[in-house]
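Have a look at the structure below before the remarks.
Here the structure is a predicted model, which means the values were calculated and not measured. Read the numbers this way: they start at 1 and go in the same order the structure lists the ligands and their atoms.
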Amino acid sequence: MKTENKIPAFGDMPVDKFKENGYKMIDWIANYLSEIEKYPVLPQIKYGEIKNSIQKNPPLTGEMTENIFTDLDEVLMKGITHWNHPDFMAYFNSTSSGPGILAELLSAGLNINGMAWHTCPSATELEEAMIIWYRKIFNLPENFWGIVYDTASTSSFHAISAAREQLSHLKIREKGMAGRNDVPRLRIYTSQESHFSIDKSVVALGFGLESIKKIPVDNKFRMISGKLKEAIEDDKKNGWLPCCVVATVGTTSSTSVDPVDEIGTICKNENVWLHVDAAYAGTASILPEMQWIFKGIEKADSLVINPHKWMFTPIDYSLLFTMKPEVLKRAFNLSSEYLDTSKDKLTNFMDYGIQLGRRFRSLKPWFIIRYFGVEGLQKRIREHIRLAKLFAGWIEDNREFELISPVEFGVVCFRAVPEKINSQEALDAFNKNLLERINQTGKLFLSHTKLDGKYVIRICISGLRTQEEHVKKAWNLITDCYQETIKKIRRFN
Ligand SMILES: *Cc1c(COP(=O)(O)O)cnc(C)c1O
């Protein structure tokens with residue numbers, strides 16, 4: 001549809017047009033969120049459908065915004081996976097919230113670049129203030145300094161960079177690692193259940209994948225600290241230099257919690273950097289009854305928590321805390337003439353990482369924490385844990401299903417174990433089939449994982465809009481799909 005072009009020859013969209021479209025956009029988002037349950041959680045489309053519906057050439061002259069709104073409804077909405085949907089219970093579901101959306105809008109409106117303090121004092125100082133709020137909310141030690149990055153993958157990359165820099169006698173920052181015979185192989189230890197972002201960091205930092213030692217886990221999927229100790233001792237005998245241990249609080253598959261306290265003692269004795277990856281589960285420490293997850297955290301050198309996973313923060317927002325900001329700074333600080341911050345006695349976040357430009361991300365927690373209040377956030381997170389345990393109870397009461405891992409947070413790992421299906425392969429195939437059937441309904445989105453070699457279905461309750469009725473509905477759907485899968489098998493036998 002072509003309409004008369006009223007775009008001005010120079011300058012921005014006129015103020016009255018901006019207001020008109022802005023109100024329309026807010027209405028659009030408000031309607032979307034209030035009617036979200038009418039959409040299937042997963043889009044029912046094939047690869048290429050969306051791309052092929054987008055005009056092939058960029059418009060030479062400006063188009064009316066009405067056209068853009070129309071295409072939003074008619075083209076893009078067909079390919080949206082509804083992460084805000086109360087029936088989205090896959091992965092670590094991250095949902096947005098009204099205050100978070102408003103903060104994102106304001107961030108684009110102000111469009112500051114917080115690379116250094118003087119390029120936007122409010123951005124740097126709000127970020128510092130929010131770090132202190134989070135530290136209090138999560139009851140973390142006061143000597144944790146913090147910085148915000150986009151994702152946990154990036155936060156962990158920076159933590160492991162600092163761990164490498166801590167081995168300052170190797171002068172890796174200046175000389176690199178390649179072509180030198182005065183640098184031993186460096187070792188990174190993490191559990192078999194840790195997130196692959198750690199492996200990626202190790203690749204990017206030039207350690208090589210061989211340098212990761214995956215420590216075995218116990219029957220609750222927690223790193224066995226005795227095995228870590230053995231591995232470190234073995235390595236030292238064989239010429240490896242231990243560099244960093246990554247413990248996970250809330251592993252991605254089963255949300256198991258590594259014993260940070262015991263691991264921390266080993267790291268202190270060996271003088272090895274301890275990084276704790278609590279990307280998802282760290283948020284739970286907002287609850288007094290969940291603070292056990294961070295027992296021994298004062299022994300950690302760094303810690304990552306993602307408010308964009310379970311704190312109703314629109315993606316992205318990842319917090320990296322460290323006891324040793326000076327080491328992180330040593331790893332990344334470079335001055336340039338045009339942005340010379342070398343004599344500043346204040347925080348310039350550009351000195352603590354890869355990125356120079358910085359978004360005004362901390363507007364998000366400033367809106368979200370103020371709007372809900374700490375108690376409001378606590379209630380919501382406590383409710384998610386309650387719902388997960390309720391769901392786990394239904395699994396335990398049903399002989400055709402089994403729980404695969406303990407439920408501490410909002411995640412339940414389970415599988416169907418129909419009578420007469422005994423082999424591991426047949427059970428895996430059955431559960432895979434069951435999950436496909438569930439997701440094809442469009443009424444619920446669950447994901448899967450492998451635990452102990454078993455194909456396991458995984459439900460995550462962390463959506464802001466997910467309530468008990470949704471969890472009940474999910475369980476009914478799962479059992480219905482189970483019956484259908486059983487019937488289908490009978491037909492083939
Ligand atoms: C989700 C997750 C990550 C990766 O998070 P991103 O922010 O997407 O990079 C890392 N570690 C753990 C334990 C996670 O659950």
Item checked: Contacts of type ring pair (Phe, Tyr, Trp, His ring centres under 6.0 Å), residue Phe445, not counting sequence neighbours ->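 Here the qualifying residues are Phe88, Tyr91.
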
For residues 221-230, which side-chain N or O atoms pair as donor and acceptor with protein atoms under 3.5 Å away, sequence neighbours left out?
{"from": "Arg222", "atom 1": "NE", "to": "Asp218", "atom 2": "OD2", "distance (Å)": "2.9"}
{"from": "Arg222", "atom 1": "NH2", "to": "Asp218", "atom 2": "OD2", "distance (Å)": "2.9"}
{"from": "Ser225", "atom 1": "OG", "to": "Glu262", "atom 2": "OE1", "distance (Å)": "2.6"}

Next item on the list: Check side-chain hydrogen bond (donor to acceptor under 3.5 Å, both in side chains) between Lys214 and all other residues, then give those that pass, not counting sequence neighbours.
Entry: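 Scan of Lys214 (side-chain hydrogen bond (donor to acceptor under 3.5 Å, both in side chains), adjacent residues dropped) gives Asp199.
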
Next item on the list: Would you please indicate yes or no on a ring centroid separation below 6.0 angstrom for His275 and Phe321?
Entry: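 When the ring centroids of Phe321 and His275 are compared, they turn out to be at least 6.0 Å apart.
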
Check: For Asp277 and His195, which heavy atoms make the closest approach, and how far apart are they?
Finding: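 Smallest interatomic distance, heavy atoms only, reads OD2-CB, 4.0 Å.
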
Does ligand 1 have any N/O pairs with the protein under 3.5 Å, and how far apart?
{"from": "ligand 1", "atom 1": "7 (O)", "to": "Ala152", "atom 2": "N", "distance (Å)": "2.7"}
{"from": "ligand 1", "atom 1": "7 (O)", "to": "Asn306", "atom 2": "ND2", "distance (Å)": "2.8"}
{"from": "ligand 1", "atom 1": "9 (O)", "to": "Ala152", "atom 2": "N", "distance (Å)": "3.3"}
{"from": "ligand 1", "atom 1": "9 (O)", "to": "Ser153", "atom 2": "N", "distance (Å)": "2.8"}
{"from": "ligand 1", "atom 1": "9 (O)", "to": "Ser153", "atom 2": "OG", "distance (Å)": "2.5"}
{"from": "ligand 1", "atom 1": "11 (N)", "to": "Asp277", "atom 2": "OD1", "distance (Å)": "3.2"}
{"from": "ligand 1", "atom 1": "11 (N)", "to": "Asp277", "atom 2": "OD2", "distance (Å)": "2.6"}
{"from": "ligand 1", "atom 1": "15 (O)", "to": "Thr252", "atom 2": "OG1", "distance (Å)": "3.2"}
{"from": "ligand 1", "atom 1": "15 (O)", "to": "Lys309", "atom 2": "NZ", "distance (Å)": "2.9"}

Next item on the list: Check whether NZ of the Lys or CZ of the Arg Arg370 lies under 6.0 Å from the centre of the six-membered ring of Trp366 and within 45 degrees of that ring's axis.
Entry: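 Positive - Arg370 is close enough to the ring of Trp366 and near enough to its axis.
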
